[in-house]
Amino acid sequence: MVRPADEEQDVICHQCRKVDGQDIWTIWVAGEKQGERDTLEGAMQLARDVAVTYSRSAWLLDETGYPLKPIEPVLH
C-alpha cells in the first residue's frame with residue numbers, strides 16, 4: 001500500500017499552464033522550486049532525481065488535480 005503524499009516534505013511535480021497556453025511542469029520539495037521542464041517525461045525524471053537526492057517520495061499533480069499520483073522510481 002502506498003502512503004499518502006506529504007506536500008510539505010515530498011517531491012511534487014506540478015503541471016502548470018503559461019499565459020500563452022503552453023504546459024510546463026515544475027518540481028518542488030518542501031516549498032522550494034527545484035526546477036521546471038517543458039515535457040512530462042523530463043519533469044518526471046527530474047522529480048525522480050530530486051527524490052533520490054533527498055530520500056523522499058515523488059508525486060505528480062497533473063491537470064486532473066487531486067489525488068496526487070506516485071511517480072515510481074526507475075530501477076536499473
Side-chain angles (χ1 to χ4, degrees):
M1 184 167 155
V2 176
R3 71 167 178 76
D6 179 349
E7 293 186 67
E8 298 298 319
Q9 298 297 321
D10 290 339
V11 177
I12 309 295
C13 178
H14 288 272
Q15 181 177 5
C16 306
R17 183 155 289 144
K18 290 183 175 181
V19 175
D20 65 5
Q22 178 184 359
D23 287 333
I24 61 166
W25 288 263
T26 57
I27 292 72
W28 299 80
V29 66
E32 292 187 27
K33 186 175 176 182
Q34 303 296 306
E36 66 181 50
R37 297 292 184 265
D38 293 330
T39 66
L40 177 58
E41 295 79 19
M44 289 180 63
Q45 185 57 54
L46 178 57
R48 287 183 186 106
D49 293 345
V50 171
V52 167
T53 298
Y54 289 100
S55 298
R56 311 265 171 105
S57 297
W59 300 86
L60 174 64
L61 178 60
D62 62 16
E63 77 281 354
T64 63
Y66 290 91
L68 291 114
K69 298 159 196 69
I71 299 174
E72 300 298 331
V74 175
L75 302 174
H76 299 286

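Positions are given from 1 along the sequence.
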Open item on the list: I need the full list of salt bridge (charged side-chain N to carboxylate O under 4.0 Å, His left out) pairs touching residues 30-40, with sequence neighbours left out, sorted by first then second residue.
Closed with: Lys33-Glu36
Task: Test item: Arg48 side-chain N/O and Ile71 main-chain N/O as donor-acceptor pair under 3.5 Å - done: no
Task: Pairing residues for Gln45 by the side-chain hydrogen bond (donor to acceptor under 3.5 Å, both in side chains) criterion, not counting sequence neighbours - done: Asp49
Open item on the list: Run the side-chain hydrogen bond (donor to acceptor under 3.5 Å, both in side chains) test on Thr26 and Trp28 for me, step by step, so that the C-alpha distance in whole Å, both residues' side-chain angles and the decisive distance to 0.1 Å come before the verdict.
Closed with: CA-CA 7 Å; Thr26 57; Trp28 299 80; 2.9 Å; yes
Task: Any residue meeting side chain to side chain contact (heavy atoms under 4.5 Å, CB included) with Gln15, in chain and number order, not counting sequence neighbours - done: Asp23, Trp25, Asp62, Glu63
Open item on the list: Is any side-chain heavy atom of Gln22 closer than 4.5 Å to one of Arg17?
Closed with: no
TODO: Give the other cluster members for Ile27, using side-chain heavy-atom distances under 4.5 Å between Ile, Leu, Val, Met, Phe, Trp and Tyr residues; answer none if it is isolated.
DONE: Val11, Val29, Leu46, Val50, Tyr54
Task: Pairwise distance CD(Gln34) to OG1(Thr53) - rounded to 0.5 angstrom - done: 8.5 Å
Open item on the list: For a quick test of reading the model, state the closest non-hydrogen atom pair linking Ser57 to Ala51 and the distance between them.
Closed with: C-CB, 4.3 Å
Task: Side-chain cluster (under 4.5 Å, hydrophobic types only) that Ile24 belongs to, other residues - done: none
Task: Derivation and outcome, side-chain contact (heavy atoms from CB on, under 4.5 Å), residues Ile12 and Leu68 - done: CA-CA 9 Å; Ile12 309 295; Leu68 291 114; 3.8 Å; yes
